[in-house]
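What follows is a single structure, written as structure tokens, with notes after it.
Source: prediction; values computed, not measured. Reminder, nothing fancy here: chain letters follow the sequence lines and each chain counts from 1.
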There are 2 protein chains.
Amino acid sequence: MIKYTKEEFSQFGKILKLNLINSCTGYKSANLIATKSSDGLTNVAVFSSVTHLGSEPALLGFILRPNTVPRNTYTNIKARGLFTVNAISESLIADAHQSSAAYDPSVSEFEVTNLEQEYLDNSEIPYVKGSPVRLLCRYVNEYPILENNTIHIIASIEAIYYDEVLESPDNYLQLDKANIVAINGLDGYTLPKLVSRFEYARVNVELREKG
Amino acid sequence: MIKYTKEEFSQFGKILKLNLINSCTGYKSANLIATKSSDGLTNVAVFSSVTHLGSEPALLGFILRPNTVPRNTYTNIKARGLFTVNAISESLIADAHQSSAAYDPSVSEFEVTNLEQEYLDNSEIPYVKGSPVRLLCRYVNEYPILENNTIHIIASIEAIYYDEVLESPDNYLQLDKANIVAINGLDGYTLPKLVSRFEYARVNVELREKG
């Protein structure tokens with residue numbers, strides 16, 4: 001195997017270090033977080049850190065990087081308390097990635113990319129049209145991560161919308177049926193395919209795949 | 001689209017709720033965390049919450065659920081300060097999943113599954129043999145998430161080992177070259193394939209895919 005110690009990779013150039021450290025922890029979720037300012041200006045941006053935190057209550061978390069990302073998302077979430085999380089499917093990749101450019105805070109990414117906003121059930125905050133899984137979320141708390149000046153945002157899931165193609169008897173959203181992508185590193189978009197689902201693992205019971 | 005409000009999905013049965021809430025936030029990383037107790041007993045378990053936190057310094061985070069998971073991993077990490085994170089590739093799926101069974105704390109999952117431990121460079125903590133990306137990590141801090149009694153563990157990356165098949169000029173680990181999997185929901189293992197990598201997104205510059 002190839003090996004790098006912290007002393008070695010700390011000396012890498014910026015891009016080489018970003019590529020290695022961003023890709024070594026595995027695949028990441030691919031979502032667009034949409035918000036609206038108190039003035040009514042919308043904002044949408046790619047996040048690869050949205051993570052399931054628990055089901056009872058239904059909570060998710062994600063990481064904000066105030067040092068490198070314009071703070072619209074954070075400011076808007078704090079202003080309104082609500083935001084939406086929209087899964088990125090294959091057809092949304094290019095526009096989703098473009099939304100990560102450093103547009104002026106006065107510009108809505110919905111205006112300068114082909115991403116379109118959609119208001120479901122007269123929601124206050126827009127969803128991303130065409131996204132196959134869309135969550136309405138409410139800000140619950142934040143934990144500053146002192147080690148690198150990021151913020152861990154905790155939010156509750158208030159409503160879930162999903163494409164009919166994902167409907168299943170056990171409520172499992174098999175994400176590949178809607179061509180939802182996963183992120184590899186800083187800039188790689190991947191398309192996963194389900195290999196197998198397993199029964200709940202038990203001691204001394206032979207492992208079975210689900211039918 | 002199909003819609004469920006929080007009031008509705010809160011009333012679902014346990015499995016239906018777990019399936020929906022665990023799958024709606026997108027794909028998750030698939031890693032085996034290996035630890036060793038102060039007595040020398042090894043432990044290995046699947047974690048789907050390992051997330052990149054930052055590259056300078058190189059940090060990752062993951063979520064521990066003290067209410068539902070035996071606390072070996074946490075106790076061992078606190079006892080020794082070091083642990084390993086090992087990417088799950090397709091050939092490791094079945095044994096990785098089996099390691100999540102509720103074995104007695106006195107049993108090492110390395111003994112009762114086909115997962116094999118491997119000590120690289122005389123490391124104190126074992127790695128998982130056959131895993132194509134392996135990280136040596138050091139506990140840095142923890143943030144209790146009060147909303148659901150989980151713990152967000154913050155760790156530094158001390159060393160990175162990866163399979164030669166992943167070597168690339170820009171240090172990008174293209175995870176599909178080593179058949180590394182992503183997790184969908186509670187029990188689904190998926191195999192992603194790279195669709196495209198993009199240049200850093202810029203304002204007013206046409207988006208290009210990397211060569």
Side-chain angles (χ1 to χ4, degrees), chain A residues 1-6 16-27 29 49-52 54-55 58-60 87 94 97-98 100-101 103 133 140 143 147-148 154 158-162 170-173 175 182 184-185 187-198 201-203 207, chain B residues 1-6 16-27 29 49-52 54-55 58-60 87 94 97-98 100-101 103 133 140 143 147-148 154 158-162 170-173 175 182 184-185 187-198 201-203 207:
Chain A
M1 303 190 93
I2 293 163
K3 176 191 183 184
Y4 292 112
T5 65
K6 182 164 74 171
L16 295 183
K17 185 160 47 180
L18 281 173
N19 279 338
L20 180 64
I21 307 300
N22 270 276
S23 55
C24 72
T25 51
Y27 290 101
S29 59
S49 59
V50 173
T51 306
H52 169 81
S55 300
L59 295 174
L60 59 77
H97 186 72
Q98 183 58 37
S100 64
Y103 294 107
V133 179
V140 172
Y143 295 92
E147 288 68 28
N148 66 351
I154 313 296
E158 300 292 316
I160 301 177
Y161 295 83
Y162 59 87
D170 68 353
N171 273 358
Y172 178 74
L173 304 184
L175 303 173
N184 176 183
D187 53 18
Y189 290 80
T190 71
L191 195 56
K193 290 292 168 199
L194 185 67
V195 176
S196 50
R197 290 181 69 195
F198 289 95
R202 292 174 204 283
V203 175
L207 202 63
Chain B
M1 301 191 94
I2 293 164
K3 176 191 181 184
Y4 292 113
T5 65
K6 181 165 73 172
L16 295 183
K17 185 160 46 181
L18 281 173
N19 278 338
L20 180 63
I21 306 300
N22 270 276
S23 54
C24 73
T25 50
Y27 290 100
S29 58
S49 59
V50 173
T51 306
H52 168 82
S55 300
L59 294 173
L60 58 79
H97 186 71
Q98 182 59 37
S100 64
Y103 293 107
V133 180
V140 172
Y143 295 92
E147 288 69 28
N148 67 351
I154 314 295
E158 300 291 317
I160 301 177
Y161 295 82
Y162 58 88
D170 68 353
N171 272 358
Y172 177 73
L173 304 184
L175 304 173
N184 176 184
D187 52 19
Y189 291 80
T190 71
L191 195 56
K193 289 291 167 199
L194 185 67
V195 175
S196 49
R197 290 182 69 194
F198 288 96
R202 293 175 202 283
V203 174
L207 202 63

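The backbone N or O of A:Leu173 sits less than 3.5 Å from a side-chain atom of B:Asn184, completing a donor-acceptor pair. When atom types are taken as modelled, the side chain of B:Ser23 and the backbone of A:Tyr172 share no donor-acceptor pair closer than 3.5 angstrom.
At a 4.5 Å heavy-atom cutoff, the contact between A:Leu60 and chain B is made by side-chain atoms alone. Contacts between B:Tyr143 and chain A at a heavy-atom distance below 4.5 Å involve the side chain alone, from C-beta outward. Heavy atoms closer than 4.5 Å to chain B are found nowhere in A:Ala87, neither backbone nor side chain. The contact between B:Leu175 and chain A is made by backbone and side chain atoms together, counting heavy-atom distances below 4.5 Å. Heavy atoms of B:Ala58 lying under 4.5 Å from chain A belong to its backbone as well as its side chain.
In this structure, the side chains of A:Tyr27 and A:Pro192 stay at 4.5 Å or more apart for every pair of heavy atoms.
To the nearest 0.5 Å, atom CZ of residue A:Arg197 and atom CG of residue A:Asp170 are 4.5 Å apart.
Applying the ring pair (Phe, Tyr, Trp, His ring centres under 6.0 Å) criterion to B:Tyr189, with sequence neighbours excluded, gives A:Phe198, B:His97. Shown here are the salt bridge (Lys or Arg N to Asp or Glu O under 4.0 Å) partners of B:Glu158, two or more places apart in sequence or in another chain: A:Lys6, B:Arg138.
Highest contact tally toward chain B, considering only A:Asn171, A:Leu194, A:Leu20, A:Thr190, is held by A:Asn171 [criterion: heavy-atom pairs under 4.5 Å]. Among the candidates B:Gly26, B:Gly185, B:Ser29, the residue making the largest number of heavy-atom pairs closer than 4.5 Å to chain A is B:Ser29. Counting heavy-atom pairs closer than 4.5 Å to chain A, the top residue among B:Thr5, B:Leu16, B:Val133 is B:Leu16. By number of non-hydrogen pairs under 4.5 angstrom with chain A, the leading residue of B:Ser55, B:Ala159, B:Ser100, B:Gly54 is B:Ser55.
What you find for B:Leu59 and A:Glu147 is that their closest heavy atoms are CD1-CB, 3.7 Å.
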